[in-house]
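Here's the structure we're looking at; comments come further down.
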Amino acid sequence: MILITGGAGYIGSHCALEMTRAGYDCVVLDNLSEGHAKAVQTDRFCRSDLADIDETREVFKQYPVEAVIHFAASCYVGESAVNPQKYYRNNVVNTLNLLQAMIENDVKKIVFSSTCATYGNPEYTPIDEKHPQNPINTYGKTKLMIETILEDFDSAYGLKYMALRYFNASGADNQANIGESHNPETHLIPLVLEVAAGKRELIKIFGDDYDTPDGTCIRDYIHVNDLSTAHRLALEKLFSGADSNFYNLGTGKGVSVKEVIDISGHVTGKTIRKEIVQRRPGDPPVLFADNKKAKLDLGWSPEYNEINDIISTAWNWEQNRQY
Ligand code: UFG
């Protein structure tokens with residue numbers, strides 16, 4: 001049985017779907033503080049909170065957990081600056097509770113949802129896994145702390161982990177009708193599509209004076225189903241006896257904010273009103289992945305390599321969303 005924490009969230013629900021489709025027995029643990037009951041893709045669901053070590057232990061008592069895929073976390077960069085306490089608790093302390101329950105139950109395999117935000121301002125691009133990790137926001141710092149904790153738990157207790165550093169998760173699985181639904185929504189693609197759907201008047205572009213070809217920030221948008229496949233492959237690598245490791249997950253291609261807006265206009269056939277506003281603090285100008293290591297070691301390859309295909313799946317979700 002695979003325990004998926006945060007399995008009612010955006011990426012966790014897609015990963016639960018991937019694992020279920022591949023034939024794994026899974027149980028989702030989620031406190032539904034950010035996740036959605038309708039997003040749960042498994043028959044087994046525990047509405048439990050990692051903040052409560054006894055509730056967490058109970059899940060391990062109830063199910064024969066062999067490995068964990070750990071998504072449960074707070075994930076807003078902006079909020080992490082004004083409420084760091086929440087981030088250190090929800091991300092770091094709660095992960096320690098999870099790890100404690102794992103060690104007590106002799107569960108020694110975990111795939112961890114990390115982020116390219118652990119790298120901070122890029123010293124070079126594309127960013128490979130050797131790039132120094134100097135996070136510039138609390139969110140990134142908490143994820144890096146967890147990577148460090150995992151390393152120490154490997155040395156001390158033989159816990160084997162895969163830390164997956166995502167670039168910009170995007171898109172949706174249209175067959176299962178699950179997708180991105182944050183409250184508040186802060187991510188570019190869903191906001192642009194809300195403008196296309198007439199739910200929002202315009203999209204604010206946070207700065208067009210960056211040192212990039214069109215002046216707007218460049219990001220690497222990776223489809224959530226491609227992220228999910230990588231989690232399955234990483235876990236299977238652990239099952240085959242591999243040592244702990246860490247991987248970037250991105251397409252390796254950079255797309256600008258203006259390009260996302262223009263392509264969304266084409267995909268939806270709608271006019272998308274935009275306004276240039278000030279830069280958002282903490283946004284690096286260019287972030288995109290060197291994904292060779294994941295390709296080579298995990299045999300992973302993203303299926304969605306074109307941003308218009310990714311946006312199409314997000315648009316389909318926006319038009320049919322249930323939550
Ligand atoms: N942007 C706008 N207007 C908006 C929203 C975003 O111009 O209304 C721009 C941002 O400035 C940025 C780009 O669109 O240049 C993408 O922004 P997102 O907020 O969608 O994503 P981020 O790149 O800021 O954040 C993502 C993940 C984080 C992760 C981070 C790592 O959502 O969890 O990548 O850098 F930490």
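Atoms within a ligand are numbered from 1 in the order they appear, just like the ligands themselves.
Closest of all the heavy-atom pairs between Y304 and D226 is N-OD2, 2.9 Å. Of all heavy-atom pairs spanning C116 and L287, the tightest one is SG-CD1, 4.3 Å. When every heavy atom of A176 is checked against every heavy atom of Q41, the shortest pair comes out as CB-OE1, 3.9 Å. Taking every heavy atom of both residues into account, A172 and G179 meet most closely at CB-CA, 3.9 Å.
Of all protein heavy atoms, the one lying nearest to atom 36 (F) of ligand 1 is Y139 CE2, 3.0 Å. The single protein non-hydrogen atom nearest to atom 24 (O) of ligand 1 is R280 NH2, 2.7 Å, given as residue, atom name and distance. The nearest protein atom to atom 7 (O) of ligand 1, hydrogens excluded, is given as F206 N, 2.9 Å; this is a heavy-atom distance. Nearest protein heavy-atom contact of atom 32 (O) of ligand 1 is H187 NE2, 2.7 Å. Of the protein's non-hydrogen atoms, the one nearest atom 29 (C) of ligand 1 is T115 OG1, 3.8 Å. Atom 21 (O) of ligand 1 has N168 ND2, 3.1 Å as its closest protein atom, hydrogens excluded (heavy atom only). Nearest protein heavy-atom contact of atom 35 (O) of ligand 1 is L287 CD1, 3.4 Å. Closest to atom 15 (O) of ligand 1 among all protein heavy atoms lies C217 CB, 3.0 Å.
Aromatic ring orientation, H182 versus H187: tilted (interplanar angle from 30° to 60°).
Each of the following atoms of ligand 1 lies closer than 4.0 Å to a heavy atom of T186: 5 (C), 19 (O). For ligand 1, the atoms lying closer than 4.0 Å to a non-hydrogen atom of K204 are 2 (C), 3 (N), 4 (C), 7 (O), 8 (O). Annotation for ligand 1: atoms under 4.0 Å from non-hydrogen atoms of V257 are 7 (O), 9 (C), 13 (C), 14 (O), 15 (O).
Atom CG of D173 and atom CG of N225 lie 4.5 Å apart (nearest 0.5 Å).
Contacts between Y221 and ligand 1, counted as non-hydrogen atom pairs separated by less than 4.0 Å, involve the side chain only. The parts of L188 lying near ligand 1 are both backbone and side chain, judged by heavy-atom distances below 4.0 Å. When non-hydrogen atoms are compared, ligand 1 lies under 4.0 Å from neither the backbone nor the side chain of I189. Of all the heavy atoms of F167, none lies under 4.0 Å from any atom of ligand 1, so neither backbone nor side chain is involved. Contacts between T216 and ligand 1, counted as non-hydrogen atom pairs separated by less than 4.0 Å, are absent for every part of the residue.
Of the options N97, N90, N94, a side-chain contact (heavy atoms from CB on, under 4.5 Å) to D49 is made by N94 and by none of the others. For the pairing with F112, the side-chain contact (heavy atoms from CB on, under 4.5 Å) check across R165, M162, H231, K143 returns one residue only, K143.
I205 and V277 fall into different hydrophobic clusters, where Ile, Leu, Val, Met, Phe, Trp and Tyr side chains are chained together by heavy-atom contacts under 4.5 Å.
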